[in-house]
Amino acid sequence: MAREIAVSIAKPRKYETFAGRFLESLNDAALCLMVSVGHRAGLFDAMRGLKPSTSAEIAVKAGLNERYVREWLGAMTTAGVVIFDQQGSRYRLPAEHAASLTRAAAADNMAVFAQYISVLGAVEDDIVDCFRNGGGVPYEKFPRFHAVMAEDSGQSVLSSLETHVVPLVPGLAARLAKGIRVLDVGCGSGRIMIRLAEIYPNSRFEGVDLSKEAIGLARAEASRKGLRNIEFFADDLSDFHLRAKPAAYDLITTFDAVHDQAKPRNVLAGIYRALRPDGVYLMQDIRASSHLHKNLDHPLGTLLYTISCMHCMTVSLAQGGEGLGAMWGEETARKYLLEAGFGSVETHNLDHDIQNNWYVARKQGGG
């Protein structure tokens with residue numbers, strides 16, 4: 001009897017624990033939506049360093065509608081992001097919160113990542129249909145995903161391109177300064193290659209991506225900057241292993257791009273073929289294990305599996321591809337690199353980038 005009583009007591013406690021946690025999750029999900037709105041509308045930037053102000057004063061500073069700003073402030077206050085002075089009806093964004101939510105925070109701005117929640121939510125109906133009928137959701141169904149990805153990479157890559165990323169390959173900065181040929185596979189809107197083209201005018205850069213929209217943005221930006229050492233191409237690289245120019249490039253890069261490909265093995269084999277014998281392949285991709293049980297304590301596990309299910313995996317399946325997914329993991333990544341022919345694969349981590357591994361791969365016997 002005592003055992004039965006203990007079990008009956010334990011069940012409600014477990015229920016209450018889970019229900020309480022899930023209630024927090026609902027609030028946190030709503031917070032992400034409001035943080036995304038605040039980021040896009042410039043509210044966090046407007047409140048950074050601002051003295052305690054009324055909703056009307058904040059709206060004027062941000063150039064926004066006061067009624068909407070007031071309701072947004074309600075969400076921020078109840079979430080503990082903004083401090084509210086009840087007597088003066090004034091709001092304040094603490095400096096320690098601004099350090100994680102404003103554009104001035106650069107690589108530490110977590111508000112950028114909140115945008116993924118709303119972007120992915122926009123394709124929920126399509127994803128549910130895929131659960132029932134298979135297939136995938138094509139790139140064109142994600143109108144803002146490239147913009148968010150560009151902002152994401154702007155924090156994790158662009159902000160440390162010269163100080164952390166290029167130095168991952170010893171001697172690369174000197175080679176780029178002297179002049180080499182570089183290809184970025186899955187370049188998106190081309191921000192990283194454009195920055196490199198600005199820094200290293202003696203080198204030649206090319207970017208290729210499946211999205212014609214992204215390539216259009218890349219070409220427009222390169223033209224605006226007057227860059228003549230860079231070109232962008234829209235192309236499906238599913239058969240890249242057959243069409244890649246042999247030994248054409250000194251450096252090939254991919255930034256969180258391989259796991260989205262329809263045929264990732266073909267893309268990696270094409271990269272190997274296109275690389276010169278002494279060339280280097282630099283691959284940024286998600287830091288995780290290929291085994292779920294090893295990701296149970298991953299600090300971004302739920303978010304990354306969600307992004308994988310609702311974007312990375314499904315855009316690949318929409319092309320009849322492998323559907324590898326963002327959480328393919330280091331074990332599979334190294335396996336695919338070795339299968340492609342790479343004889344040397346080093347894995348690096350950057351202190352400011354908890355999301356990605358950085359792989360430096362060379363051909364067998366390469367420099």
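Values in this document were obtained by computation on a predicted structure and should not be read as measured data.
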Strictly distance-based, threshold 3.5 Å: is any side-chain N or O of [X] a donor or acceptor partner for the main-chain N or O of [Y]?
X: Thr332; Y: Trp328; answer: yes
X: Thr314; Y: Met310; answer: no
X: Ser159; Y: Ala107; answer: no
X: Ser53; Y: Ile58; answer: no
X: Arg276; Y: Ala247; answer: yes
X: Asn295; Y: His298; answer: no
X: Ser308; Y: Gly325; answer: no

With a 4.5 Å limit on heavy-atom distance, are the side chains of [X] and [Y] in contact?
X: Trp358; Y: Leu350; result: yes
X: Val182; Y: Ile252; result: no
X: Pro264; Y: Glu322; result: yes
X: Leu168; Y: Leu282; result: yes
X: Gln355; Y: Arg287; result: no
X: Tyr336; Y: Val258; result: no
X: Asn202; Y: Lys178; result: no
X: Leu237; Y: Arg243; result: yes

Less than 4.0 Å between a side-chain N and a carboxylate O, is that true for [Y] and [X]?
X: Glu221; Y: Arg191; value: no
X: Lys335; Y: Glu331; value: no
X: Asp250; Y: Arg181; value: no

- Query: By side chain to side chain donor-acceptor pair (under 3.5 Å), which residues pair with His259, not counting sequence neighbours?
  - Reply: Asp285
- Message: List the residues meeting side chain to side chain donor-acceptor pair (under 3.5 Å) with Arg21, not counting sequence neighbours, and say none if there are none.
- Response: none
- Task: Hey, could you give me each pair passing ring pair (Phe, Tyr, Trp, His ring centres under 6.0 Å) that has a residue in residues 34-65? Not counting sequence neighbours.
- Result: Phe44-Trp72
- Note on the structure: residues 80-101 vs side chain to side chain donor-acceptor pair (under 3.5 Å), sequence neighbours excluded, gives Glu57-Arg90
Heavy-atom pair with the smallest gap, counting every atom of [X] and [Y]:
X: Ile215; Y: Gly207; result: CD1-O, 4.3 Å
X: Val360; Y: Arg362; result: CG1-NH1, 3.6 Å
X: Phe240; Y: Ile271; result: CE2-N, 3.6 Å
X: Ala105; Y: Ala99; result: CB-O, 3.1 Å
X: Pro138; Y: Val315; result: C-CG1, 4.4 Å
X: Gly188; Y: Asp209; result: N-OD2, 2.9 Å

Set of ring pair (Phe, Tyr, Trp, His ring centres under 6.0 Å) partners for [X], sequence neighbours left out:
X: Phe232; answer: none
X: Tyr272; answer: Phe342
X: Tyr200; answer: none
X: His348; answer: none

When you look at [atom1] of [X], are more than 12 heavy atoms from neighbouring residues, nucleotides or ligands closer to it than 6.0 Å?
X: Arg144; atom1: CZ; answer: yes
X: Asn133; atom1: CG; answer: yes
X: Phe233; atom1: CZ; answer: yes

- Are Val208 and Val157 joined in one hydrophobic group, where the rule is that I, L, V, M, F, W and Y side chains link up if heavy atoms are under 4.5 Å apart? no
- Item | Cluster check Tyr281, Phe255: I/L/V/M/F/W/Y, side chain < 4.5 angstrom | no
Listed by chain and number, what are the salt bridge (Lys or Arg N to Asp or Glu O under 4.0 Å) partners of [X], not counting sequence neighbours?
X: Glu71; answer: Arg67
X: Arg195; answer: Glu162, Glu198
X: Lys141; answer: Asp126
X: Asp353; answer: none

- Query: side-chain hydrogen bond (donor to acceptor under 3.5 Å, both in side chains) between Gln115 and Glu151: does it pass, once the steps are laid out?
  - Reply: CA-CA 10 Å; Gln115 297 175 99; Glu151 197 171 2; 3.1 Å; yes
- Message: Hydrogens and angles aside, do Asn357 and Asn349 bring a side-chain donor and acceptor to less than 3.5 Å of each other?
- Response: yes
- Task: Examine the side chains of Tyr359 and Glu330 and answer whether a donor and an acceptor come within less than 3.5 Å of each other.
- Result: no
- Query: Could you walk me through whether Ile286 and Asp256 pass the side-chain contact (heavy atoms from CB on, under 4.5 Å) check?
  - Reply: CA-CA 7 Å; Ile286 298 299; Asp256 278 342; 4.1 Å; yes
- Given side-chain hydrogen bond (donor to acceptor under 3.5 Å, both in side chains), test Tyr249 with Glu206 step by step and report yes or no. CA-CA 10 Å; Tyr249 301 97; Glu206 295 177 30; 2.8 Å; yes
- Task: With side-chain contact (heavy atoms from CB on, under 4.5 Å) as the test, would you mind laying out the steps for Gln261 and Leu324 before giving the verdict?
- Result: CA-CA 8 Å; Gln261 302 298 316; Leu324 191 59; over 6 Å; no
- Hey, mind stepping through Asp236 and Ser238 against side-chain hydrogen bond (donor to acceptor under 3.5 Å, both in side chains) and telling me if it holds? CA-CA 6 Å; Asp236 182 345; Ser238 297; 2.7 Å; yes
- How about Phe145 and Tyr116: are their ring centroids closer than 6.0 Å? yes
